[in-house]
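Beneath this line is the structure, given in structure tokens, with notes to follow.
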Protein chains: 2
Amino acid sequence: MFFLKDLPTREMISGFAHSLDVVDVQKTGDALQMLRRASLLIRQLERYFALHGLSQTQFLVLMILHRDQSKHSHLAAKICEKLDVSKPVISTTLKTMQRRGFIVYCEKAEDSRMKPLRISDAGRELLLKLLPGYFEILQAG
Amino acid sequence: MFFLKDLPTREMISGFAHSLDVVDVQKTGDALQMLRRASLLIRQLERYFALHGLSQTQFLVLMILHRDQSKHSHLAAKICEKLDVSKPVISTTLKTMQRRGFIVYCEKAEDSRMKPLRISDAGRELLLKLLPGYFEILQAG
DNA sequence: ACAATATAGTTAGCATCATAACCAATAACG
DNA sequence: CGTTATTGGTTATGATGCTAACTATATTGT
């Protein structure tokens, strides 16, 4: 991600704005600043994950799988919902995660459309290794 | 973009955290919340731009070109800096923007490596059309 | 002057995301 | 029952981003 490095100044916003009608310069400026901060943070996180061969999505999937230890298995559709990404993304993400050994598919369920899966030991190990740095980046941001 | 729909609760953060050392639950939670809000906002903006055949990057390029009316022409490298995206992205973005008539290349400069360009009338028109909605979304977010 | 370096921009290759269209299996319902 | 709708998941296609490697021109430094 990214976002304007040199944020529009208040002057500039009101410059754009005064030809328009109702622009709350303060609110707009805040929103832009937030977008910028978030972009930088996301970038930092992505770089951190990439350093360990994960994408952010993969990391978040690991979080979800690990978090809910009560469930013995999870479904792509549910992960999809929690993560708020499209189905195809989860589909391919899970495939590569399986290839790399971070998740394993369980035995089939009664409903044979479903492909229940869970985090593997390697996956959990990696997640736990990355968590401290993850929180550190979040806090500093 | 995207980010965890159901944000990690404080309990969850401290759940992850207590095995770790120093985690400021408050700060971490705030950061996650910001990421989530920013993701939603960016998504909304992208949808808005897409509705008018622009990507966010294209829109921001238009902003930059329009903003600095003092300069008669701009360079890809400078845009790149201001926007904080990689060179190749600007390169291809500008190419498609030219194809669609939103920018025009000026006469060559003395330094023949440079390809000075400026916003076209069509580009400026589109930008001005989109600005109100842009600010509206920002404010609401 | 000329070799080494830096800069502007492009191209190639890859990862990730999205939407749309598609199976296959289950559920709903007349 | 049997047709229709829904649901879990995949595949196809296209947009956008990145890094690395490239061309071509300018600049620096000896």
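All chains are named by letter (A, B, ...) in the order of the sequence lines, taking the proteins before the strands, and each is independently numbered beginning at 1.
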Closer to the 5' end of DNA chain C via nearest nucleotide, is it B:T92 or A:Q58?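 Going by which nucleotide is closer to the 5' end, it is B:T92.
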
Can you tell me how far [atom2] of [N] sits from [atom1] of [X], to the nearest Å?
X      : N      : atom1 : atom2 : value
B:R43  : D:dG17 : CZ    : P     : 16 Å
A:L117 : D:dG9  : CG    : P     : 8 Å
B:I42  : C:dC17 : CD1   : C1'   : 13 Å
B:Y48  : C:dA18 : OH    : P     : 22 Å
A:D84  : C:dC17 : CG    : P     : 12 Å
B:K87  : C:dG13 : NZ    : C1'   : 17 Å
A:L60  : C:dC17 : CG    : P     : 10 Å
A:L75  : C:dA25 : CG    : C1'   : 14 Å

Taking the minimum atom-to-atom distance to the side chain of [X], which one of [options] wins?
X      : options                : result
B:R113 : D:dT16, D:dT6, C:dT7   : C:dT7
A:D111 : C:dT26, D:dT10, C:dC17 : C:dT26
A:S86  : C:dT26, C:dT19, D:dT16 : C:dT19
A:P88  : D:dT16, D:dT10, C:dA8  : D:dT10

Using a cut-off of strictly less than 4.0 Å, decide whether [X] has a side-chain nitrogen or oxygen near OP1 or OP2 of [N].
X      : N      : answer
B:S55  : D:dT16 : yes
A:S112 : C:dA24 : no
B:K95  : C:dT11 : yes

task = Please figure out whether B:T93 or A:M114 has its closest DNA chain D nucleotide nearer the 5' end.
result =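 This one resolves to A:M114.
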
Across the strands shown, which category fits A:I90 at heavy-atom distances under 4.0 angstrom: base, sugar-phosphate, nothing?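 Contact class for A:I90: none.
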
Q.
Need one value for B:K115: base, sugar-phosphate or nothing, where a base atom within 4.0 Å counts as base even if backbone is also close, heavy atoms only.
A.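 Result for B:K115 = sugar-phosphate.
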
Q.
How close do A:M114 and A:K108 get, counting heavy atoms only, and between which atoms?
A.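 Scanning both residues, the minimum pair turns out to be O-CD, 4.2 Å.
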
Any heavy-atom pair between the side chains of A:V61 and A:M97 that's under 4.5 Å?
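A:M97 vs A:V61: side chains touch.
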
Near-ring test A:Y134/A:F59, centroid separation under 6.0 angstrom =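 Between A:Y134 and A:F59, which both carry aromatic rings, the centre distance is below 6.0 Å.
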
Could you go through B:L35 and A:L138, starting from their C-alpha distance and side-chain angles, then the distance that decides it, and tell me whether this counts as side-chain contact (heavy atoms from CB on, under 4.5 Å)? CA-CA 10 Å; B:L35 287 177; A:L138 282 182; 3.9 Å; yes

### Query
Hey, are B:E107 and B:S73 close enough side-chain-wise for a donor-acceptor pair under 3.5 Å?
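There is no such pair (donor and acceptor under 3.5 Å, judged by atom type) between the side chains of B:S73 and B:E107.
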
